[in-house]
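Data first, discussion second: the structure below is written as structure tokens.
Labels below follow one simple rule: chain letters A, B, ... track the order of the sequence lines, proteins then strands, and each chain is numbered from 1. Worth saying up front: this structure is predicted, and the values here are computed from it rather than measured.
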2 protein chains.
Amino acid sequence: MKKINTDNKLQKIDTTSLVDRVEKSIIEFLTERNLKVGDSIPKELELSSALGVSRTVIREALSRLRMIGLLESKKKKGSVITSPDLISILGKSMDPRLLDDETLKEIFEMRLSLEIGMADFIVERVTEDDIKELRQIVANDPPRSFDTMFLIEEEIKFHGKLYEITRNETLKKFQKLLLPVFNYVHLSGLLKKPMINKRYASHKELVDVIETRDAEAFRNAMRNHLENHFSRLFG
Amino acid sequence: MKKINTDNKLQKIDTTSLVDRVEKSIIEFLTERNLKVGDSIPKELELSSALGVSRTVIREALSRLRMIGLLESKKKKGSVITSPDLISILGKSMDPRLLDDETLKEIFEMRLSLEIGMADFIVERVTEDDIKELRQIVANDPPRSFDTMFLIEEEIKFHGKLYEITRNETLKKFQKLLLPVFNYVHLSGLLKKPMINKRYASHKELVDVIETRDAEAFRNAMRNHLENHFSRLFG
DNA sequence: TTTTGTATTATGTATGACATAATACAAACT
DNA sequence: AGTTTGTATTATGTCATACATAATACAAAA
């Protein structure tokens, strides 16, 4: 009686490479042993003999973990656990040219969501200095400067400042990452609907609303400000 | 005249490893040559001699790119460019036990932002079937089931469904990733302020609002629904 | 024409060697 | 003593080589 496999249907065989599995093993090792930032992990040779694979494989796996900022290695010291910087990891692959269109569009939408949803953090944490700075940024706003490059620069500065006001570093870095994608989607013919350049709530008006510290009002103003983008997504 | 360095102050020396630089080189190579998904890259030995480093180093760099889903390698075929799955990359390091407290808190805040900010996508794309499903999820809602585990399960189901309604896969996967972090922050003593279990807008009420297809109203309702969390962050 | 075998090729894994940086500790000096 | 300097040691970083393995093309056999 030949037992090909237990349940009479072909089970898909493990196609993952040895390095993949070792990488996983090591991560599991870290979490299971509840190791924290600063703790050091076994030496390469120990891992090598513990897992029964060559040092080459161990090193490739560790190299990966180093890349995502989970480890840091020093000669003679060995490797210690570090807190990964999520954003810099994302940054490596968040290149508009390398992502597929659907993902790009979805990232575009995510940024819109964040921009509106972070209202509470903005109005809660904004300082007088922040407002002063915002006013400075939008100083040349009203006279409708039609220098596109200038407008874009202000756009970036203004929204960048908003993220800064949230005092949320992760969010801020995230936005820095999303920005190129956002611009790419905005400019390339990815969105079918045309760009209507109708003027909705201006940056200046947004500042006025922020000053009232009314989160709800700010959300609405921001939603209005972004209407150009939304109208390209929806009919 | 000894020229130590040009501008009379110690320049910080490049401490990055060879693999780091090779990794960067390869990514640059891809983008500069405008290579797209499906294109194949030079063989390991070609890269090795082109960059003047050993195959070991090349392989470590490629292994990293493979991990983040930027490449796929097959024996005999070589490596081809693939579209990286941002989320699965993040997943590798998005473990509450491995992130530092500040980052965890910031992720917590990001989720709150998204949840409120995605209102427009929800009301724009929600179908009758979606609403039916939501109603089913919240069916046991009003009688105040005090079985905590049950409540949590419903919580996850409900909010998960909301993300699904946005029809934004990236967002949805992102939420899946954020969820454990969110729960971790929520439960562990990371947030100083106590948890007041006052009842704000219920899930059922949220569904009612969704049915009106009024994004603004939904944002406000959701903000209200999340008040418990916000009040732990702010005073 | 289809199948089967075989050579080839590029990646996957293993091993051994040496370079290099960090560390500890002993030796030398003030 | 206390500081500096040298030296051995250790673990990671890099290199070279060899062989295993899967995918492919193509020839040989049925």
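Salt bridge status for Arg223(B) with Glu227(B): present, with a side-chain N to carboxylate O gap under 4.0 Å. The existence of a salt bridge linking Arg66(B) and Glu23(B) is excluded, since no basic side-chain nitrogen approaches an acidic carboxylate oxygen closer than 4.0 Å. The residues Arg59(A) and Glu44(A) are annotated as salt-bridged, a charged nitrogen and a carboxylate oxygen being separated by less than 4.0 angstrom.
At least one donor-acceptor pair under 3.5 Å links the side chain of Glu106(A) to the backbone N or O of Thr170(B).
Few gaps surround NZ on Lys161(A); more than 12 heavy atoms of other groups in view lie less than 6.0 Å from it.
One atom, NZ of Lys77(B), and another, P of dA10(C), lie 12 Å apart when rounded to the nearest Å. Between Glu44(A) atom CD and dT10(D) atom P there is a gap of 16 Å when expressed in whole angstrom units. The interatomic distance linking Glu60(A) (CD) with dG13(D) (P) rounds to 14 Å, in whole Å. Put simply, CD1 on Ile41(A) is 12 Å from C1' on dA11(D), counting in whole angstrom units. A straight line from CD of Glu72(A) to C1' of dA11(D) spans 16 Å, rounded to a whole angstrom. If you take CZ of Arg59(B) and C1' of dA20(D), they are 12 Å apart, rounded to a whole angstrom. Put simply, CG on Leu71(A) is 10 Å from P on dG13(D), counting in whole angstrom units. If you measure from atom CZ of Arg21(A) to atom C1' of dT13(C), you get 11 Å, rounded to the nearest angstrom.
Closest contact between the side chain of Thr56(B) and the listed nucleotides dA10(C), dT12(D), dA16(D) involves dA16(D). Relative to the side chain of Leu18(B), the nucleotides dT14(D), dT11(C), dT13(C) differ in distance, and dT14(D) lies closest. Nearest nucleotide to the Lys75(B) side chain, out of dT14(D), dG12(C), dT23(C): dG12(C). Distances were taken from every side-chain heavy atom of Val53(B) (C-beta onward) to each of dC15(D), dT23(C), dT13(C); the shortest belongs to dC15(D).
Of the two residues near DNA chain D, Lys74(A) and Lys76(B), the one whose nearest nucleotide lies more 5' is Lys74(A).
Applying the 3.5 Å distance criterion, the base of dG16(C) shares no donor-acceptor pair with the side chain of Arg55(A).
A sub-4.0 Å separation between OP1 or OP2 of dG12(C) and a side-chain N or O of Arg66(B) is present.
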